[in-house]
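As structure tokens, the structure follows; a few thoughts come after it.
Just so you know, residue 1 is the first one in the sequence shown, and it goes up from there.
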Amino acid sequence: MTTARDIMTPRAECVNADETVLDAARKMARLGVGSLPICGTDDRLKGVLTDRDIVVKVLAQGKDPKSCQAGELAQGEAVTIGADDDAAEILNTMATHKVRRLPVIDGHELVGIVALADVARALPDRPVGDLVDAISTD
């Protein structure tokens, strides 16, 4: 049985909720990633910030990325997956919430990220194709 722990990218680096969006964008560029988990001062996951969020919710709205904090873009409770959850649960969670990336939690600790690309590499074509269809439809 394939679990989130088996296919995740480990050691996900967070952006702190009180860091600016500009700092987050620079961190994304340095790491070569399109998203970062947002963590609070209590080291708890607050959400996920994507490069699309920066464009749509900051730049397109005329906000200043040097003063807008990453935590302002966290929306409600983050959708996560448990480290020992199986592939079926990963597929179901991604499809249900229409997300391409899932923070992986072990207890209360962020241990990694499962991205759609990780799922595509690890699982047979048919379930991955169904997932892409589910995520892509409105």
Side-chain angles (χ1 to χ4, degrees):
M1 171 177 63
T2 301
T3 67
R5 190 184 310 275
D6 297 329
I7 64 173
M8 71 182 188
T9 301
R11 297 177 300 277
E13 192 166 328
C14 285
V15 59
N16 291 325
D18 60 358
E19 286 185 84
T20 69
V21 170
L22 180 60
D23 292 333
R26 287 179 174 155
K27 190 176 284 190
M28 284 181 192
R30 179 175 49 82
L31 296 171
V33 298
S35 69
L36 289 170
I38 302 169
C39 296
T41 55
D42 57 0
D43 287 331
R44 297 267 179 142
L45 184 66
K46 304 297 182 192
V48 176
L49 176 66
T50 67
D51 46 10
R52 186 175 194 284
D53 291 333
I54 293 171
V55 171
V56 173
K57 297 176 183 174
V58 178
L59 300 177
Q61 298 292 320
K63 294 180 182 176
D64 182 0
K66 291 184 259 182
S67 61
C68 181
Q69 293 183 328
E72 293 175 39
L73 302 179
Q75 298 176 345
E77 190 171 329
V79 177
T80 64
I81 195 81
D84 296 318
D85 288 347
D86 65 18
E89 185 64 23
I90 296 167
L91 292 169
N92 183 53
T93 302
M94 284 182 158
T96 299
H97 296 280
K98 297 186 181 280
V99 295
R100 297 172 187 272
R101 301 168 188 93
L102 284 173
V104 181
I105 304 296
D106 190 359
H108 293 291
E109 181 183 354
L110 176 68
V111 294
I113 297 280
V114 171
L116 183 58
D118 299 321
V119 174
R121 282 190 293 270
L123 301 179
D125 292 343
R126 180 68 183 169
V128 174
D130 292 344
L131 172 60
V132 171
D133 285 345
I135 290 172
S136 300
T137 59
D138 289 332

Sub-3.5 Å donor-acceptor pair from the side chain of Asp53 to the main-chain atoms of Thr50, do we have one? yes

Spell out, yes or no, whether Leu36 and Leu110 are grouped together once hydrophobic residues are joined by side-chain heavy atoms under 4.5 Å, including indirect joins. no

Nearest heavy atoms of Met94 and Leu116, plus distance in Å: CE-N, 3.8 Å

Is Lys63 paired with Glu72 through a side-chain N to carboxylate O contact shorter than 4.0 Å? no

Between OG1 on residue Thr80 and CG on residue Asp106, distance to nearest 0.5 Å: 11.5 Å

Nearest 0.5 Å, please: how far is CG in Leu49 from OG in Ser35? 8.0 Å

Nearest heavy-atom neighbours spanning Asn16 and Ala70: O-CB, 3.8 Å

What are the two closest heavy atoms between Thr20 and Pro65, and how far apart are they? CB-O, 3.5 Å

Closest heavy-atom pair and its distance - Gly112, Met8: CA-SD, 3.9 Å

Taking side-chain hydrogen bond (donor to acceptor under 3.5 Å, both in side chains) as the definition, give me every residue that meets it alongside Asp64, ordered by chain and number, with sequence neighbours left out. none

Considering all heavy atoms of both residues, which atom of Ile113 and which atom of Pro103 are nearest to each other, and what is their separation? CD1-CA, 3.7 Å

Pairwise side-chain contact, Lys27 with Asp23, heavy-atom cut-off 4.5 Å (strictly under): no

Going hydrophobic residue to hydrophobic residue with side-chain gaps under 4.5 angstrom, can you get from Ile105 over to Ile7? no

Over all heavy atoms of both residues, which pair between Ile38 and Ala17 is shortest? Give the atoms and the distance, please. CG2-CA, 3.8 Å

Taken in chain and number order and not counting sequence neighbours, the residues that satisfy side-chain hydrogen bond (donor to acceptor under 3.5 Å, both in side chains) with Arg30 are Glu13

Can you tell me how far the CG atom of Leu102 sits from the CD1 atom of Ile90, to the nearest 0.5 Å? 7.5 Å

Answer yes if Met28 and Leu22 sit in the same cluster of Ile, Leu, Val, Met, Phe, Trp and Tyr residues linked by side chain heavy atoms under 4.5 Å apart, and no otherwise. no

Pick one: which of Val48, Val21, Val56 meets side-chain contact (heavy atoms from CB on, under 4.5 Å) with Leu73? Val21

Report the residues that fulfil salt bridge (Lys or Arg N to Asp or Glu O under 4.0 Å) with Asp85, sequence neighbours left out, ordered by chain and then residue number. none

What residues, two or more places apart in sequence or in another chain, satisfy side-chain hydrogen bond (donor to acceptor under 3.5 Å, both in side chains) together with Asp18? none

Hydrophobic clusters here meaning ILVMFWY residues chained together by side-chain heavy-atom distances under 4.5 Å, can you tell me if Val99 and Val104 are in one? yes

Residues in side-chain hydrogen bond (donor to acceptor under 3.5 Å, both in side chains) contact with Thr3, at least two apart in sequence or another chain: Asp6

Test of understanding: with disulfide bond (SG atoms under 2.5 Å apart), list the residues that count as partners of Cys14, not counting sequence neighbours. Cys39

Are Val111 and Val79 co-members of a hydrophobic cluster defined by side-chain heavy atoms under 4.5 Å apart? yes

